[in-house]
Amino acid sequence: MRGKMKRLKKLLILPMLCFMMILYSCPVKAEEAVYSTSENGVTVTLQTDKSEYKAGEEIHYTITVENNRYSWNTNQFTLIYKNTEGLIPAAEDSMPDTMPAIAYGESASISGIMVGDPELFPRSGSLGLIVGIVVGVVVLAAVVVVILSLLRKKKGGTKAAALVLAAILAGGVLPSSVQAADETVDMSPYLRITYAGQEVIVRATMNIPMTQQLQVIPTESRLTYQRITCHDPSIFRDFDGTYYIIGSFLTGGSTKDLYNWTSMDATFQALSQEVKDQVRAWNKDETAGNWNDYLWAPDIVYNPIMGKYCMYLSANGDDWKSNIVLLTADKVGGPYSYEGSIVYGGFVQENFGETDAPQVLGTDQIPERYVTNGIANRKWGDMWPNCIDPCVFYDSEGNLWMSYGSWSGGIFMLELDEETGLRDYNVTYETNEHSDAYFGKKIAGGAYVSGEASYIQKIGDYYYLFISYGNLEAAGGYNVRIFRSEKPDGEYVDLLGNSAFYDKYEFNYNQSVGVRLFGGYKWRVFNSGLVAQGHNSAFVDEDGRAYIVFHTRTDNGTEGHYVKVHQLFTTKEGWIVAAPYQTTGEALADGGTAAASVAGDYEVILHELDIDYKNLETKKPVFITLTEDGQITGAYEGSWSIEEGTSYITLILNGKEYSGVTLSMQLEFSTIKTQVFTAVGLSDQVTVWGSKTID
């Protein structure tokens, strides 16, 4: 018995080894390969039907895009395949590359088939196949030997040999067959798989264009505004309650409500030829096409002593040969008469006597400082201002001031004579780094740093200096900055204590100097985003409400612009913030705002400083929830609170504190009201807007 068992073991060892070799050489169905990645609410999944393929097998794959970004749609887009060399389409149209548009909450897929290039992955040259065939031959030979042995030595061997042969035949040894986007999201899903014994990569790169869904306003709730174009608008309120704006090239308009305007271009441009010649006497502007093209950024005030409407108008000229003139009229619409010039720029010895500089300086010889930094060597702008962009205002004591200047030497301030409206020749100025005996006291800018369109308005306890940084073109990065001072002539500083001065050149378009009211932005009620807002004026109405008036361009690829007016508010720290929407008569709630009316879901625009203005970037809303227990969840996390009995709101967003106000406003282009907030960051002076969703 013992000997029989020994012989039986010997007989079984070889078939078992053969069977194991057969299993090793036979193909095993591979599991699917899957790779998934998510970015900004979009998930892309790449999946193949297997993870291992033999030479000549088809690779079946699927790419799925899921859009879980609230209020955003993906546009149709084309993806690019970047496969390992040697993987090619299985047929002419077997690798589709166009993904359809996908609405929020939906998904779309495309499927395709690729295969290994036969020249790089030949079936006969496949190492795996060769090994399989060799192993199969060896196993088959061994099994045949075993079968023959069994047949000879044992009658029962016939049955055993038949079972082994059936197993071989059953298992086999041969391989088995088997729209303009608001922004883009960049994704590159890939898979590592094995093909013909080699690792290969299946990859697709895609720039997924996304467009934020517009806010749907019912027809009965839509509101349109009568717009006008006015570059560099300066606001003036007449005694009858009519508001007027006047801007460069003597364009302008009037309104009763601050959002429906009537053009007055023809009225303001009706200067007599005599006045035109008097204004033109000093200037030389070879680039001006029309007679009014060189007339920039006027400002109108009413002088009660003179009993006149006074228009301060900058007449631009080449080589800084500019000046600011005073025109007067009995009515805001004119006709205007020429009174004289306030300040001249770009003078040399030959024309020094044509200015009032000899009277101011007490000499007929041009001082050396205007020669060293002068026209001849093109260094005028190193120290001295371009005499344009006047802002004329009365301080709390009734004194009349004029700020002016643009880029180059900076922004300067002169005191005016309340009885004549011209320069006050009794006031003298020192000559030093921030002052000049002729040009007056410097209050901001310098060293060719961007900064123009100064406007000073007292709001509450402070005089606020508004300046526009950047270039005025749509892609120029134009934006409004604010500094404040307790005195009309400074020193002006921002929330972080930065001075408005620049004593050396810096590129300041996106710099954190000066509180920026807003940058490029696009609410969901806008068809186009707004960019390059600037060259503003500001005023405080009879009811104490303050407003900013500015021109804005859009991101539609043109240089078209129009006028907007937003209400201004002061935070409890005394800093200016602007309402998120154009004014339509809104006001802070009497007695403060209840926290319960503020809680809810909000669209939020954070006006980050780092904005790609060259490509017309606009900040678009993300979504947060202000919970009733004072927490903030969603795109930003933190907390919020209302100061009892007021409309002051404090928000902590991702660890940063913002201080501002909350109120009810009409959605722009709509009569629908919603709760909003506007606030400024106390650590980075970045502004944030919120608007409660109405979906």
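We count residues from 1, following the sequence as given. Values below: every heavy atom of this structure, side chains too, minus hydrogens, waters and symmetry copies.
Using modelled atom types and a 3.5 Å distance limit, the side chains of Y478 and E452 yield a donor-acceptor pair. Between the side chains of N75 and T211, at least one donor N or O sits under 3.5 Å from an acceptor N or O. N654 and E637 share no side-chain donor-acceptor pair at under 3.5 Å. S683 and E657 share no side-chain donor-acceptor pair at under 3.5 Å. For the 3.5 Å distance criterion, the side chains of S647 and T593 qualify, holding a donor opposite an acceptor. In summary, the side chains of D494 and Q685 do present a donor paired with an acceptor at a separation below 3.5 Å, with no hydrogens or angles considered. Using modelled atom types, one finds no donor on one side chain facing an acceptor on the other under 3.5 Å when comparing T571 with S659. Side-chain contact check for T618 and K620: at least one donor-acceptor pair (N or O, by modelled atom type) lies under 3.5 Å. Judged by distance alone, the side chains of S38 and T43 do bring a donor and an acceptor atom under 3.5 Å apart.
We find that E668 and R524 are not joined by a salt bridge, their nearest charged nitrogen and carboxylate oxygen being 4.0 Å or further apart. Contact check on D555 versus K522 returns no salt bridge, with no Lys/Arg side-chain nitrogen under 4.0 Å from an Asp/Glu carboxylate oxygen. Salt bridge present: R69 and E183 bring a charged side-chain N and a carboxylate O closer than 4.0 Å. Ion pairing of E617 with K619 is present here, as a side-chain N (NZ or NE/NH1/NH2) and a carboxylate O approach within less than 4.0 Å.
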>> side chain to side chain donor-acceptor pair (under 3.5 Å), that's the test. Do E559 and H561 meet it? Break it down for me.
In response: CA-CA 6 Å; E559 293 300 328; H561 59 276; over 6 Å; no

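Ring pair Y509/Y613: centre-to-centre distance below 6.0 Å. Ring centroid separation for the pair Y448 and Y505 does not come in under the 6.0 Å cut-off.
Taking the six-membered ring where tryptophan is involved, the planes of W689 and F518 are tilted, since the angle between them lies from 30° to 60°. Taking the six-membered ring where the residue is Trp, H607 and Y521 present perpendicular rings, their angle passing 60° and hence far from 30°. A perpendicular orientation is assigned to the rings of Y225 and Y259, their planes being inclined by more than 60° (bins at 30° and 60°). Relative orientation of the Y602 and F677 rings is tilted, given thresholds of 30° and 60° on the angle between their planes. Using the six-membered ring where Trp is involved, F669 and F526 have ring planes that are perpendicular, over 60° apart on the 30 and 60° scheme.
Counting non-hydrogen atoms of neighbouring residues, nucleotides and ligands closer than 6.0 angstrom, the OH atom of Y190 reaches no more than 12 such neighbours. Counted within 6.0 Å of NZ on K572, heavy atoms from surrounding residues, nucleotides or ligands total more than 12; the atom is thus considered enclosed. In E199, the CD atom is crowded: over 12 heavy atoms of neighbouring residues, nucleotides or ligands sit closer than 6.0 Å. In the displayed structure, E92 atom CD is contacted under 6.0 Å by at most 12 heavy atoms of other residues, nucleotides or ligands. Surrounding CD of E473 are more than 12 heavy atoms belonging to other residues, nucleotides or ligands, all under 6.0 Å away.
Contact of the E603 side chain with the V622 side chain is not registered, since no non-hydrogen atoms from C-beta on lie closer than 4.5 Å. Within the 4.5 Å cutoff, the side chain of P580 has no heavy atoms near those of the S691 side chain.
Each of T64, D49, T62 was compared with S111 under the side chain to side chain donor-acceptor pair (under 3.5 Å) criterion, and only T62 meets it.
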